[in-house]
Amino acid sequence: MSQTFSDADIEEEQKHFSNVIATFQQYAQYSAAANNRRRKDIYTLPQGDKELLDGLGYRQKLQEVDKAILVNAEFLKLIVANPEIFGHDLDSPKDVDEDKAGCGALNDHSQGDVHSHSHSHPHHHHSHSHDHANATSDLRTASKHQQKYKPTDFDMDKLRSTLKQFVRDWSQEGKEERETCYTPMKDALVAHFSDKPFPESRQNIRVLVPGAGLGRLAYDVANLGFACQGNEFSHYMLLASYLILNRTDAIEQYTIYPYIHSFSNLPDRKAMLRPVKIPDVLPSALPTGSNFSLVAGDFEEIYGAEFEEGDFDPQAGQWDAVLTCFFIDTAKNIINYLRIIHRILTPGGVWVNIGPLLWHFENNATNDPSIELDLEEVKMLARKIGFVISNERTIDTTYTSNAQSMLGYVYKTAFWTATKA
């Protein structure tokens, strides 16, 4: 059964994609406005207070933030610079405040609904994105819409989260947080296929990583010799991952300032203004013969499409392993997620999971359904569907956190290995 899209679906995708590009292009203007607000606030103070702030170097700090904003903006322009690469022709308007920002684009093999999810916590609130789009046609008609679009705080929060995701997945600074999650998953995968001890013996073992984000876990799995496919649903992630995976020529080629957007809970200036260089490895340096791909689209639509009895199901029993990292709580219906994972695994295949249960559609404003189970219920459900769960433990970890902040959120994530009975 193939997925078809109506004209309304395509038009909605055009609008959504155009809005994402506008968000990238207007980052500098938006961020500079927030910093200028701080300058204006200085002028509301008595002269003596202004002098005290000057003695602290507060205005100088604002100038340093301005410079960091421009560095970030140049990096973000690279991400959306060449729409033709992705099969789209987007005639974007130039923004006079963005120093002639470039055009936008999407991943070249994107199809299906696109859903962004993040586990970030600016100022004590949970930030989640629920993007819905169908990237199937060119976007020549979208330019008029983009001229009118002003990115929302929610849009910019997703973009800022993308910058922090670069730190988690592709920087030396993010290694400790990253490996807290990825190492036990990779170890469990290697242990399950212990009869294939060498990378060259694993090339026919197919591994799927849904919710791949910027692709580091899938890249690492491919680097171990497995045939690995990542699946991602977010335009922000897809655009960013294309740059890092396909347009990067050197280690630490790019410099970003991911922590300049909030002045709260900072022990010192360095905690906010320190640069982060990415990537820490060269993505193109996978061993010869590696099998690594990234497929764009909705997990349920791509891997869970329903077929009539007797029809060929191209996904059933095709995957030897599925690795879900901070993913299963993005489900509207967790039953369907687990049913799909079970169906696409080969007999005896392994599902390795790590993550919290921060249900992304809980209390949503879009009238989407949301089934919200506790951890014991999720494990009971998995067993009823046909999984045998083992190697259960709790792993404490942060997610895209500023390691030097005075505030940090720690997830007590659930880790397990489950085999298809």
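Everything quoted here is computed from the prediction, not taken from an experiment.
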Atom pair [atom1]/[atom2] of [X] and [Y] - distance to nearest 0.5 Å:
X	Y	atom1	atom2	answer
Leu239	Thr162	CG	OG1	9.0 Å
Glu74	Ile256	CD	CD1	14.5 Å
Ile335	Leu373	CD1	CG	7.0 Å
Ile334	Ser370	CD1	OG	10.5 Å
Thr180	Asp396	OG1	CG	9.5 Å
Gln26	Asp155	CD	CG	9.5 Å

Just by distance, no angles: are the side chains of [X] and [Y] close enough, under 3.5 Å, to form a donor-acceptor pair?
X	Y	answer
Glu177	Thr398	yes
Ser171	Glu173	no
Tyr30	Thr23	no
Tyr27	Asn72	yes
Arg274	Asn402	yes

Practice task
Return the orientation label for the Phe327 and Tyr337 ring planes: parallel under 30°, perpendicular over 60°, tilted otherwise.
Solution key: parallel
Indicate the atoms forming the closest heavy-atom contact of [X] with [Y], along with that distance.
X	Y	result
Trp416	Lys379	CZ3-CG, 4.1 Å
Asp329	Pro356	OD2-O, 3.4 Å
Ala28	Ala73	CB-CB, 3.7 Å
Leu357	Asp374	CD1-C, 3.7 Å
Ser401	Tyr259	O-OH, 3.7 Å
Gly304	Ile340	CA-CD1, 3.6 Å

Pairwise side-chain contact, [X] with [Y], heavy-atom cut-off 4.5 Å (strictly under):
X	Y	answer
Asp7	Glu11	no
Asn364	Lys332	no
Ile371	Pro369	no
Ile328	Trp351	yes
Trp170	Thr248	no
Leu345	Phe387	yes
Ile69	Tyr257	no
Val276	Phe166	no

Charged N-O contact under 4.0 Å between [X] and [Y]:
X	Y	value
Asp320	Arg202	no
Lys186	Asp220	yes
Lys61	Glu64	no
Glu12	Lys15	no

Whether [X] side chain and [Y] backbone form a donor-acceptor pair below 3.5 Å:
X	Y	answer
Lys420	His342	yes
Gln318	Ala316	yes
Thr413	Ile395	yes
Gln172	Asp280	no
Arg343	Gln315	no

Practice task
Tell me, with the steps shown, if Thr419 and His192 meet side-chain contact (heavy atoms from CB on, under 4.5 Å).
Solution key: CA-CA 9 Å; Thr419 54; His192 187 78; 3.6 Å; yes
Exercise for the section: Would you kindly check if the NZ (Lys) or CZ (Arg) of Arg178 is within the cone defined by 45 degrees around the ring axis of Tyr219 and under 6.0 Å from the six-membered ring centre? Expected result: no
Handout entry: Centroid-centroid distance, His235 to Phe24, less than 6.0 Å
Key = no
Handout entry: Trace of the side-chain contact (heavy atoms from CB on, under 4.5 Å) decision for Phe75 with Ile278
Key = CA-CA 11 Å; Phe75 173 70; Ile278 56 173; 3.8 Å; yes
Practice task
Can you spot which of Cys325, Cys181, Cys228 makes a side chain to side chain contact (heavy atoms under 4.5 Å, CB included) with Leu217?
Solution key: Cys325
In terms of heavy-atom contacts, does [atom1] of [X] have more than 12 from other residues, nucleotides or ligands at under 6.0 Å?
X	atom1	result
Asp268	CG	yes
Glu377	CD	yes
Asp195	CG	yes

Problem - Audit row: Phe299, Leu208, side-chain contact (heavy atoms from CB on, under 4.5 Å) steps and yes/no - result: CA-CA 11 Å; Phe299 170 70; Leu208 177 65; 4.2 Å; yes
Practice task
Applying side-chain contact (heavy atoms from CB on, under 4.5 Å), run through Ile389 and Arg383 and close with a yes or a no.
Solution key: CA-CA 7 Å; Ile389 299 177; Arg383 293 184 179 102; 4.2 Å; yes
